[in-house]
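As structure tokens, the structure follows; a few thoughts come after it.
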Amino acid sequence: MNVPFPDNKRKANDLDAFWMPFTANRQFKKAPRLFVAADRMHYVTDDGRRVMDGTSGLWCVNAGHRRPQIVAAMRRQLDELDFAGTFQMGHAKAFECASRLVNIAPPGFDHVFFTNSGSESVDTALKIALAYHRANGNAGKVRLIGRERGYHGVNLGGTSVGGIGANRKMFAPLLAGVDHLRHTHDLFRNAFSRGEPEHGAELADDLERLAILHDPSTIAAVIVEPVACSTGVLVPPKGYLKRLAAICAKHGILLIFDEVITAFGRLGAPFGAEYFGVSPDIITTAKGITNGAVPMGAVFVKRPIHDALMTGPEDAIELAHGYTYSGHPLACAACIATLDVYREEGLLTRAAELAPYWEEAVHSLKGLPHVIDIRNIGLIGAIEFEPAPGAPGKRAHARFVEALNSGLLVRATGDTIALAPPLIIEKREIDELIGVMRKVLQSAD
Ligand code: PXG
């Protein structure tokens with residue numbers, strides 16, 4: 001007898017089986033928050049309420065939700081070719097997608113390695129950095145440097161270079177040979193800065209300290225987010241990233257920009273590297289690459305790094321690395337259509353036009369109860385609260401829940417609320433978003 005569902009213990013809508021990521025599972029399941037639909041700037045909840053998306057999903061839906069052009073391209077792709085691998089085989093969409101990505105990348109980035117997430121992009125980039133130095137005869141360059149409060153996804157490499165204590169402590173000891181730069185958050189000198197803060201470029205010299213400590217000939221790469229978003233939106237001090245790049249160049253250390261959030265227009269330039277006028281060696285991306293419609297990531301690599309690994313026999317596999325779904329046809333179709341939408345609507349630079357209005361709007365929340373800092377850059381905003389006594393993180397979480405109940409999705413991280421609406425947002429919608437935030441902050445304790 002054919003029994004389709006032999007395990008009938010669970011109800012169809014039982015919340016128990018899904019172990020949710022980065023979630024207080026027991027708290028959530030007592031009072032679940034569910035979305036059932038989305039369109040452009042809005043979600044719809046299971047009780048039929050419209051909620052403005054103030055965070056582009058999880059920083060990924062840059063062109064707004066369920067864009068018909070992207071949906072149609074994905075449908076067409078599934079009707080034509082569902083899966084084809086890219087190990088010793090290929091399919092046209094993966095090559096087309098890589099070429100399209102290279103065309104919008106900063107100068108010099110002419111190769112792309114496909115992954116399925118930001119975490120995979122980070123671990124791929126770290127492995128490429130190690131392989132590059134080995135191929136160049138520098139097999140002793142093995143140390144990886146991250147930064148305190150950095151977030152580089154959840155794989156073991158990314159967790160090791162990551163600098164958020166809570167994300168690391170469960171998984172100690174993590175990778176050996178990793179060290180961290182100091183973070184750049186300085187409320188004392190920089191609170192309520194607009195855009196890049198004035199003070200702190202000298203914190204880049206922390207890399208000199210690590211270079212002396214470990215000897216630069218042992219350091220393979222430094223990885224930083226141009227803007228550290230997950231940890232609560234830490235905007236780099238003026239001149240910091242340029243100084244870091246110069247120190248990397250001086251010591252032959254590869255600079256990896258983790259642009260999983262900052263690529264694809266979030267700051268008002270296609271990539272953060274361009275926004276800050278810094279040319280790293282490797283760039284990691286994901287999220288906005290398909291407008292969030294299907295998982296995909298890509299690591300952008302400069303030619304000298306790629307070419308250093310193309311020196312062995314032609315029948316040898318140059319990089320022993322890759323994922324079953326690297327360059328998945330559905331993801332490639334979604335990416336190509338996403339890039340079309342970004343180009344047709346000018347979305348990769350639209351944040352630059354909106355940034356001054358956005359800055360004014362976000363900073364108008366200054367003076368509301370418990371607000372100790374407001375930060376902004378491109379179409380990103382952050383509001384930091386004085387922690388409630390003995391209960392760090394509680395204030396931001398309470399405001400996140402209150403905002404959701406008032407029709408706005410924001411993201412709480414530590415004692416900070418992060419805002420990053422889709423790049424299609426209109427000025428009147430910025431007013432609406434800030435209006436909801438104002439009410440929530442005014443009434444919260
Ligand atoms: N690097 C950076 C800079 C990221 O922001 C990752 C890597 C990992 O990407 P994946 O696709 O493996 O999750 C990220 C992800 C938040 C939030 O609310 C941020 C991320 C993910 C989920 C939530 O700040 N960033």
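Numbers for residues simply follow the sequence, beginning at 1. Note that ligands are numbered from 1 as they come in the structure, with each ligand's atoms numbered from 1 the same way.
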**Message:** Using 30° and 60° as the class boundaries, would you call the ring planes of H185 and H183 parallel, tilted or perpendicular?
**Reply:** tilted
**Request:** Could you say whether the N/O atoms of G118 and ligand 1 ever approach to under 3.5 Å?
**Result:** yes
**Prompt:** Short list, please: which atoms of ligand 1 are under 4.0 Å from a heavy atom of K287?
**Reply:** 15 (C), 19 (C), 20 (C), 21 (C), 22 (C), 25 (N)
**Item:** Protein contact to atom 5 (O) of ligand 1 [nearest heavy atom, distance to 0.1 Å]
**Value:** I261 CD1, 3.2 Å
**Prompt:** What is the closest protein heavy atom to atom 1 (N) of ligand 1, and at what distance does it sit?
**Reply:** D258 OD2, 2.7 Å
**Message:** Students often mix this up, so state it plainly: with edges at 30° and 60°, are the rings of F83 and Y325 parallel, tilted or perpendicular?
**Reply:** perpendicular
**Request:** Return yes if a side-chain donor-acceptor contact under 3.5 Å exists between R149 and S230, otherwise no.
**Result:** no
**Fill in**
Within 4.0 Å of some non-hydrogen atom of S117, the atoms of ligand 1 are 11 (O), 12 (O)
**Request:** Without swapping roles, check the side chain of Y342 against the backbone of G288 for a donor-acceptor pair under 3.5 Å.
**Result:** yes
**Prompt:** Taking the six-membered ring for Trp, are H306 and H111 parallel (under 30°), tilted (30 to 60°) or perpendicular (over 60°)?
**Reply:** parallel
**Atoms of ligand 1 close to L58 [distance to a heavy atom under 4.0 angstrom, numbered from 1]** = 22 (C), 23 (C)
**Prompt:** Can you list the atoms of ligand 1 that are under 4.0 Å from a heavy atom of S230?
**Reply:** 5 (O), 16 (C), 17 (C), 19 (C), 20 (C), 24 (O), 25 (N)
**Asked** Which atoms of ligand 1 sit under 4.0 Å from any heavy atom of H152?
**Response** 1 (N), 7 (C)
**Request:** Check each atom of ligand 1 against the heavy atoms of E225 and keep those under 4.0 Å away; list them by number with element.
**Result:** 3 (C)
**Prompt:** Got more than 12 heavy atoms from elsewhere within 6.0 Å of CZ, R100?
**Reply:** yes
